[in-house]
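Only one structure is covered here, and it is reproduced in the block below.
The first residue of the sequence shown is numbered 1, and numbering continues consecutively from there.
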Amino acid sequence: DLWGPLVLCVSLALMLQDGSADSKDDGGPQFAEVFVIIWFGAVVITLNSKLLGGTISFFQSLCVLGYCVMPLTMAMLVCRLVLLVDAGTVSFIIRLIVVGAMFGWSTLASTAFLVDSQPPNRKALVVYPIFLFYFVISWMILTFTPQ
């Protein structure tokens with residue numbers, strides 16, 4: 001079932017989008033950029049898992065990675081609400097804590113599923129790309145500031 005991850009990906013991309021799609025000078029990531037980063041990253045991690053000898057299917061891996069974006073989607077929602085109130089140092093600290101916690105949740109949740117399908121001597125090779133994938137998404141959420 002790829003609908004759940006697709007809905008989460010679309011909602012994250014829409015929340016990161018700031019301003020109109022016509023404006024080139026708004027400074028915020030556009031929907032297509034976020035969508036491509038999430039889906040390209042998920043496909044690369046899935047291919048990496050399969051090439052390392054993983055027993056999980058291609059679509060199961062995509063679904064796990066997509067559903068595990070949900071905590072980061074919640075972090076984006078909280079960060080947007082915090083930015084509506086204040087954009088100062090306290091706001092950044094709150095956003096850092098929220099994004100850090102949700103990054104940890106996403107990483108741990110996805111590695112719990114994907115690492116178990118790997119041979120014992122290759123588990124670290126699967127965890128590192130997952131860490132990078134969710135780190136990039138977390139960084140985009142944390143550094144987003146509306147114009």
Side-chain angles (χ1 to χ4, degrees), residues 1-49 52 54 56 58-118 120 122-147:
D1 177 27
L2 289 175
W3 286 109
L6 181 63
V7 169
L8 289 172
C9 178
V10 168
S11 63
L12 180 65
L14 287 173
M15 282 193 278
L16 278 173
Q17 183 178 0
D18 186 39
S20 68
D22 299 336
S23 174
K24 301 283 187 215
D25 300 325
D26 64 358
Q30 296 298 313
F31 175 81
E33 293 171 11
V34 177
F35 191 83
V36 167
I37 287 171
I38 290 175
W39 280 101
F40 183 73
V43 168
V44 167
I45 290 171
T46 300
L47 287 175
N48 180 48
S49 174
L52 289 172
I56 193 169
F58 185 82
F59 292 111
Q60 285 175 325
S61 178
L62 283 178
C63 284
V64 165
L65 292 167
Y67 280 119
C68 290
V69 169
M70 194 266 296
L72 291 172
T73 305
M74 292 185 329
M76 183 66 215
L77 179 62
V78 170
C79 288
R80 290 293 296 251
L81 292 174
V82 168
L83 282 172
L84 287 175
V85 176
D86 182 31
T89 306
V90 174
S91 168
F92 179 77
I93 293 170
I94 292 170
R95 291 184 298 133
L96 180 63
I97 291 169
V98 169
V99 170
M102 296 303 165
F103 164 73
W105 183 4
S106 293
T107 303
L108 288 175
S110 61
T111 56
F113 287 104
L114 296 177
V115 168
D116 287 342
S117 70
Q118 296 298 317
R122 296 186 178 161
K123 293 184 186 245
L125 293 172
V126 174
V127 172
Y128 183 66
I130 294 170
F131 173 85
L132 287 178
F133 174 62
Y134 290 121
F135 181 79
V136 167
I137 296 169
S138 298
W139 187 259
M140 289 173 61
I141 292 169
L142 185 62
T143 58
F144 174 78
T145 53
Q147 295 291 339

For this session: To the nearest 0.5 angstrom, please state how far the CD atom of Gln60 sits from the OG atom of Ser49.
Result: 10.5 Å
Problem set entry | Over 12 foreign heavy atoms within 6.0 Å of CZ, Phe40 | no
Problem set entry | Nearest-0.5 Å distance, NZ of residue Lys123 to OG of residue Ser117 | 8.0 Å
Problem set entry | Residue pair Phe131 / Phe103, side-chain heavy-atom distance below 4.5 Å | yes
Exercise. Measuring from Ser91:OG to Leu96:CG, what's the distance to the nearest 0.5 Å?
Worked result: 11.0 Å
Exercise. Do you know which two heavy atoms are closest between Gln118 and Leu52, and how far apart they sit?
Worked result: OE1-CB, 3.6 Å
For this session: Locate the shortest heavy-atom distance separating Gly88 from Asp86; write the atom from each residue and the value.
Result: N-OD1, 3.3 Å
Seminar exercise, completed: Shortest non-hydrogen pair, Val82 vs Arg95, comes out as CG1-CG, 4.1 Å
For this session: Report yes or no: does Thr111 contribute a side-chain atom to a donor-acceptor pair with the main-chain N or O of Leu108 at less than 3.5 Å?
Result: yes
Problem set entry | Minimal non-hydrogen separation, Met140 against Ile37, with atom names | SD-CD1, 3.8 Å
Problem set entry | Closest approach of Phe133 to Ala42 (non-hydrogen atoms, all atoms of both residues) | CE1-N, 3.8 Å
Exercise. Out of curiosity, Thr73 OG1 to Ile137 CD1, how far, rounded to the nearest 0.5 Å?
Worked result: 8.5 Å
Exercise. Is the shortest heavy-atom distance from the side chain of Val99 to the side chain of Cys79 under 4.5 Å?
Worked result: yes
Problem set entry | ring-ring contact (aromatic ring centres under 6.0 Å, His included) against Phe92, all qualifying residues, sequence neighbours excluded | none
Problem set entry | Met102 side, atom CE; Thr107 side, atom OG1 - distance, nearest 0.5 Å | 12.5 Å
Problem set entry | Residues in side-chain hydrogen bond (donor to acceptor under 3.5 Å, both in side chains) contact with Thr46, at least two apart in sequence or another chain | Ser61
Exercise. Considering all heavy atoms of both residues, which atom of Tyr134 and which atom of Ser110 are nearest to each other, and what is their separation?
Worked result: CE1-OG, 3.2 Å
For this session: Check whether any side-chain heavy atom of Leu72 lies under 4.5 Å from a side-chain heavy atom of Ser138, and answer yes or no.
Result: yes
Exercise. From Leu81 CG over to Ile94 CD1, what is the distance, rounded to the nearest 0.5 angstrom?
Worked result: 11.5 Å
For this session: Please list, chain by chain and in numerical order, all residues satisfying side-chain contact (heavy atoms from CB on, under 4.5 Å) with Ile93, sequence neighbours excluded.
Result: Thr89, Ile97
Exercise. Passes side chain to side chain contact (heavy atoms under 4.5 Å, CB included), Ser106 versus Val69? Steps please.
Worked result: CA-CA 6 Å; Ser106 293; Val69 169; 6.0 Å; no
